[in-house]
Amino acid sequence: MAIKDKPNPPRFRPFNNIFLILGIGFLAANFILPSILGPQIPGVPYSLFIHQVQEGDVARVQVGQNQIQFQLKPETEIGGEDLGQVYSTTPIFDLGLPTLLEEKGVEFAAAPPPKNGWIGNVLGWVIPPLIFVGIWQFFIRRGAGGGGPQGMLSIGKSKAKVYVEGEAAKTTFADVAGVEEAKTELVEIVDFLKTPGRYTQIGARIPKGVLLVGPPGTGKTLLAKAVAGEAGVPFFSISGSEFVEMFVGVGSSRVRDLFEQAKKQAPCIVFIDELDAIGKSRSSNGFYGGNDEREQTLNQLLSEMDGFAAEDATVIVLAATNRPEILDPALLRPGRFDRQVLVDRPALSGREAILKIHAQKVKLGDDVDLHAIATRTPGFAGADLANLVNEAALLAARSGRPAVAQTDFSEAIERVVAGLEKKSRVLNDKEKKIVAYHEVGHALVGSLMPGSGRVEKISIVSRGMAALGYTLQLPTEDRFLMDEAELRGQIATLLGGRSAEEIVFNSITTGASNDLQRATDLAEQMVTTFGMSKVLGPLAYQQGARPMFLDQGMPNARRSMSEETAQAIDREVKDIVETAHQQALEAIRHNRDLMETITTQLLETEALEGKTLHHLLDQVQAIPVT
Ligand code: ADP
Ligand code: MG
Ligand code: ZN
């Protein structure tokens with residue numbers, strides 16, 4: 001596709017607009033203006049006109065395309081009007097009319113162009129374009145004047161923000177923790193930027209593009225800034241979604257502009273956030289040309305990256321995405337983003353290091369144990385941890401403490417995990433009872449099942465939007481692998497809430513829908529992704545690679561398969577969930593008395609945690625093997 005020769009900046013596409021203007025002119029000349037300027041002739045129904053003709057009252061007729069005008073003979077009148085009055089009627093398709101008129105001796109002719117026609121036509125063709133041009137001028141003036149860089153005239157200009165070394169607070173690798181492998185790989189990039197000569201001398205090609213891949217909030221943007229900070233080079237940053245605008249051609253001209261600026265300041269870094277917004281696979285578009293604009297932008301980006309040769313300035317493009325699987329393969333070819341750096345969620349020690357970085361900004365009390373906090377926050381990304389420290393500081397300030405205490409962190413963890421406490425949402429007594437049994441059900445089953453972590457807290461104080469009550473289970477360590485029994489245990493735990501409701505109330509509420517969703521998803525993954533079904537064997541029934549991050553991957557499409565296989569999968573999934581359901585029911589029935597004890601206590605205190613809870617749950621009895 002020829003995109004290089006697009007006018008820059010592209011706007012106002014003359015041909016489209018001329019047609020638009022002609023169209024408006026046509027409309028005005030034929031419909032709008034005649035109705036304003038045209039002679040006001042009273043209209044009558046066609047049937048009346050024919051009747052008048054047959055009666056011999058009509059003197060002459062002018063047949064136009066949309067209108068028939070006729071003049072009555074002097075001695076007749078319609079509705080008390082004066083003699084010889086002119087009337088009009090709307091013609092219907094009537095081939096017999098000329099014959100009839102001839103018979104009755106009416107003088108008739110085709111209508112000449114309407115009297116006011118030429119004025120109407122001229123005005124019709126001149127005024128709308130004038131209005132159009134006026135509006136256009138208005139926008140342009142606004143763009144050039146008060147509108148500033150956001151105005152219409154500047155739509156082709158790159159919006160890249162530039163951070164030059166020494167300008168803002170310098171970001172370095174010391175500000176990033178928990179992503180050591182990524183850092184190691186990026187140290188090399190820093191070296192390329194600092195001393196490109198060393199590499200080009202022996203003919204090595206400096207990589208042009210590095211793709212940072214990882215879930216949101218893990219520090220991709222931060223790392224890119226740190227690379228620029230370490231190398232002491234300018235940092236151009238733009239987000240992929242900013243490229244994609246409503247005007248065709250703007251995105252590509254923005255890309256061109258960005259690289260023009262960057263080359264002038266080389267060596268430097270161009271950072272493209274949300275690369276997937278422009279780099280979506282072109283084949284996944286559905287229709288051909290489904291998104292022309294994005295495609296053009298992508299093409300421009302590709303040709304810019306191919307464009308700057310080794311002897312040119314050193315511009316290294318860093319890009320970030322959390323959906324690498326949807327990127328166009330052309331982006332990942334050698335010479336483009338041929339290096340990929342995984343920026344994953346931090347493990348225990350990484351979390352502690354990140355907490356240390358962010359805790360420097362607040363006053364910590366003596367009792368704060370960052371290691372303990374890191375232990376309680378598996379799955380938190382860097383941004384969540386930064387947020388956690390801030391929440392804790394806010395809580396401490398609110399309660400007037402001079403420094404942040406460990407209790408502030410505990411409370412902040414709960415807030416970040418389950419959303420802010422919603423004091424305003426009050427459950428009635430019946431609902432409270434149901435929620436209490438539901439949560440105790442989770443806790444009971446959870447404490448029996450392998451792989452679902454220790455139950456740390458049960459609460460029926462509603463939090464956030466979704467959860468009415470919640471059961472907090474904390475794994476004692478980071479888990480990377482799970483076996484089949486543990487997954488089945490998790491499913492049973494998820495169904496524990498609903499099972500408790502079934503047993504106690506003999507009915508089911510809407511409260512368990514999220515549990516069911518998660519349980520079913522897990523069971524389906526066991527069958528289609530992890531190959532854990534004996535019937536279906538160790539096959540992957542999902543199309544393509546497993547989503548990179550389990551918790552945010554959208555469910556993959558299934559591979560094409562026979563109808564029987566599809567049915568077999570459905571049966572297996574149902575079987576796994578139903579077995580887990582029976583297991584949960586049994587576990588609860590077996591501990592029915594204990595459930596009453598715990599629920600009664602929970603209803604009194606609204607929350608159970610720590611030693612009290614552990615002591616109660618230690619009494620849970622395993623289901624006897626029969
Ligand atoms: P991403 O670009 O991956 O979505 P960001 O780099 O924008 O994440 O992270 C947002 C904020 O979270 C950062 O500004 C920083 O304060 C904090 N943060 C994220 N990851 C880390 C990390 N690995 N080390 C230290 N702070 C981090
Ligand atoms: Mg980011
Ligand atoms: Zn539940």
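Numbering of ligands and ligand atoms starts at 1, following listing order. Just so it is clear, the structure is predicted and the values come from calculations on it, not from any experiment.
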### Task
Identify, for atom 4 (O) of ligand 1, the protein heavy atom at the shortest distance, and state residue, atom and that distance.
Gly217 N, 2.8 Å
### Query
Just checking, is any N or O donor in the side chain of Ser507 or Glu501 under 3.5 Å from an acceptor N or O on the other one?
no
### Query
If you round to the nearest 0.5 Å, how far is NZ of Lys361 from CG of Asn390?
9.5 Å
### Query
Out of the N/O/S atoms in Asp515, what is the name of the one closest to the Zn ion (ligand 3)?
OD2
### Task
State, without any angle test, whether Glu304 and Gln300 hold a side-chain donor-acceptor pair at a distance under 3.5 Å.
yes
### Message
I'd like the name of whichever of Gly178, Gly382, Gly214 reaches closest to atom 21 (C) of ligand 1 through any heavy atom.
### Response
Gly382
### Message
Give me the residue, atom name and distance of the protein heavy atom closest to atom 8 (O) of ligand 1.
### Response
Gly219 N, 3.2 Å
### Message
Measuring from atom 6 (O) of ligand 1, which candidate in Val389, Leu222, Ile357, Asp175 has the nearest non-hydrogen atom?
### Response
Leu222
### Query
Parallel, tilted or perpendicular for Phe271 and Phe235, by the 30°/60° rule?
parallel
### Message
Hydrogens and angles aside, do Asp515 and His438 bring a side-chain donor and acceptor to less than 3.5 Å of each other?
### Response
yes
### Message
Do Gln261 and Gln265 pair up side chain to side chain, a donor and an acceptor below 3.5 Å, judged on atom types alone?
### Response
no
### Query
Quick one: nearest non-hydrogen protein atom to atom 2 (O) of ligand 1, plus distance?
Thr221 OG1, 2.6 Å
### Message
Counting non-hydrogen protein atoms only, what is the nearest one to atom 10 (C) of ligand 1? Give residue, atom name and distance.
### Response
Ala383 CB, 4.0 Å
#### Entry: Within-cut-off N or O pair, Asp273 and ligand 1, under 3.5 Å
no
### Summary
So CG of Asp338 and CG of Leu331: to nearest 0.5 Å the spacing works out to 11.5 Å
### Query
At the 4.0 Å heavy-atom cut-off, does His358 count as touching ligand 1?
yes
### Query
Going by distance alone, is a donor N or O of one side chain under 3.5 Å from an acceptor N or O of the other, for His581 and Glu502?
yes
### Message
Using a plain distance cutoff, I'd like to know if Ala177 has any nitrogen or oxygen under 3.5 Å from a nitrogen or oxygen of ligand 1.
### Response
yes
### Query
For ligand 1, which atoms sit closer than 4.0 Å to a heavy atom of Pro216?
4 (O)
### Task
To the nearest 10 degrees, could you say what angle the Zn ion (ligand 3) makes with NE2 of His442 and NE2 of His438?
90°
